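Note that the structure is a prediction, hence the values are computed from the model and not measured.
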Amino acid sequence: QAHLVESGGGSVQAGGSLRLSCVHSRGTYNMYSIAWFRQSPGKEREAVAAISSSGALTYYDDSVKGRFTISRENTKANLEMNDLTPEGTAMYYCAARPPIDGGRWLMASAYRYWGQGTQVTVSS
C-alpha cells in the first residue's frame, strides 16, 4: 500500500557498491521530484541526493558527491552508490514531492511522500 517502495539494500564491504531502487507503487511520480535520505540510529535524517521531475537537475550532499549517482526512469528512481564507507551504514529512504518554487532539494520537510526504507550496512 506504500506509495514508494525501496529495495536493493544489503551488506557490503568498504569500497564496494550497491544500487538502490525506489519503485512508484501508485500515483504519477514521474512528475514529482525524488530524493534519497538516510538515517542511522541516534542520528537525524540526512539528505543524500535529489533529482528534478524532468531528470535534468541533480543535487548531492557533499558527503557523497562523486561517489553516488541518482537517476530516474518511468516507474522508479535509482541511487547508485560506489566506494561505500562504514559511514554509509544507515536506513535509506526515498521521498517524492510535486514541483515547488525555491528549491529545497535536500530538505526533508519539503517532501510529501516517503517509502519504508531499505537497510544498507557497510563493513570495514
Side-chain angles (χ1 to χ4, degrees):
Q1 301 299 313
H3 295 287
L4 306 170
V5 179
E6 304 94 333
S7 64
S11 298
V12 64
Q13 294 182 340
S17 300
L18 284 174
R19 175 176 289 179
L20 307 183
S21 293
C22 178
V23 176
H24 309 164
S25 61
R26 58 187 293 184
T28 56
Y29 293 104
N30 60 310
M31 300 298 296
Y32 285 17
S33 300
I34 304 292
W36 287 91
F37 296 81
R38 63 187 178 187
Q39 187 169 19
S40 299
K43 299 183 66 176
E44 296 295 319
R45 187 174 301 174
E46 61 182 9
V48 178
I51 188 167
S52 64
S53 59
S54 69
L57 302 175
T58 58
Y59 303 87
Y60 298 92
D61 184 78
D62 287 341
S63 66
V64 305
K65 193 174 300 180
R67 298 186 296 115
F68 290 13
T69 302
I70 188 170
S71 62
R72 64 187 304 158
E73 304 172 24
N74 289 333
T75 61
K76 65 180 180 180
N78 300 318
L79 183 69
E80 182 73 26
M81 306 187 295
N82 297 313
D83 194 22
L84 283 162
T85 68
E87 289 71 26
T89 295
M91 185 72 75
Y92 284 70
Y93 301 89
C94 65
R97 73 182 190 190
I100 63 172
D101 294 329
R104 296 187 289 166
W105 297 103
L106 300 179
M107 184 179 297
S109 62
Y111 290 84
R112 178 182 297 177
Y113 303 106
W114 292 81
Q116 82 290 346
T118 184
Q119 179 68 40
V120 171
T121 302
V122 185
S123 62
S124 60

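- Remark: side-chain polar atoms of Arg72 are paired, donor with acceptor, to backbone N or O of Ser52 under 3.5 angstrom.
- A donor-acceptor pair under 3.5 Å links the side-chain atoms of Ser40 to the main chain of Thr89, judged by distance alone.
- Using a 30° and 60° split on the angle between ring planes, Tyr93 and Trp114 fall in the perpendicular class, above 60°.
- Here Thr121 contributes atom OG1 and Gln13 contributes atom CD; the two are 13.0 Å apart, rounded to the nearest 0.5 Å.
- In this structure, the side chain of Glu6 engages the main chain of Gln116 through a donor-acceptor pair within 3.5 Å.
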Inset, instruction - Any chance you could lay out the side chain to side chain contact (heavy atoms under 4.5 Å, CB included) test for Tyr113 and Tyr32, step after step, and finish with the verdict? - result: CA-CA 10 Å; Tyr113 303 106; Tyr32 285 17; 3.6 Å; yes
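- In this structure, SG on Cys94 lies 11.5 Å from OH on Tyr111, to the nearest 0.5 angstrom.
- For the atom pair OG1 (Thr69) and CZ (Arg67), the distance works out to 11.0 Å, reported to the nearest 0.5 Å.
- Panel note: side chain Glu46, backbone Arg38; no donor-acceptor pair is recorded below 3.5 Å.
- Each of Val64, Asp61, Leu79 was scored for a side-chain contact (heavy atoms from CB on, under 4.5 Å) with Trp36, with one residue passing: Leu79.
- The CH2 atom of Trp105 lies 4.0 Å from the OG atom of Ser33; values are rounded to the nearest 0.5 Å.
- Taken to the nearest 0.5 Å, the CG atom of Asn78 stands 5.0 Å off from the NZ atom of Lys76.
- Remark: Leu4 CG to Ser21 OG distance equals 12.5 Å, nearest 0.5 Å.
- Annotation for Ile100 and Ala110: closest pair CD1-CB, 4.3 Å, computed over non-hydrogen atoms.
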